[in-house]
Amino acid sequence: MAAKTDGTEGAGGPAAADAEASERAALGYEQARDELIDVVRRLEAGGTTLEESLALWERGEELAKVCRHWLEGARARLDAALAAGDGEPPAGE
């Protein structure tokens, strides 16, 4: 199998898990989302080699995981806030 062009090794193992956790901590949701949008545009535009397309696809998968992580965290925070409110509507409603 050919080496990836982004300088990282293949998926799997503790090093890959550490790298993913580090990236989630380093990238904010909006930054990851914006980069993911750019990756999708580049893939849809075509004109890249197979190797470049695969690297873009892999990057897109990584960015989607980062976004999913942030969204799951936001949902958990909302659920906790709603649970702490005992289901009472906010004041003024």
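Here the structure is a predicted model, which is why all the values come from computation and not from measurement.
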>> Grouping I, L, V, M, F, W and Y whenever their side-chain heavy atoms are under 4.5 Å apart, do V66 and W57 come out in a common cluster?
In response: yes

> For L78, which fellow cluster members are found when Ile, Leu, Val, Met, Phe, Trp and Tyr are connected by side-chain heavy-atom distances below 4.5 angstrom, either directly or through intermediates?
Replying inline: none

When the side chains of residues 27-34 are checked against the rest of the protein, which donor-acceptor pairs come out under 3.5 Å, sequence neighbours left out?
none

>> Membership question, hydrophobic clusters at under 4.5 Å side-chain separation (ILVMFWY): are L71 and L63 in the same one?
In response: yes

>> Is there a salt bridge (charged side-chain N to carboxylate O under 4.0 Å, His left out) between K65 and E62? Walk through the geometry before answering.
In response: CA-CA 5 Å; K65 286 180 187 178; E62 293 167 5; over 6 Å; no

> Going by an N to O cut-off under 4.0 Å, is there a salt bridge joining R59 and E35?
Replying inline: yes

>> I need the minimum non-hydrogen distance between S53 and L43, along with the two atoms involved.
In response: O-CD2, 3.7 Å

>> What's the separation between atom CD in E61 and atom CG in L36, rounded to the nearest 0.5 Å?
In response: 9.0 Å

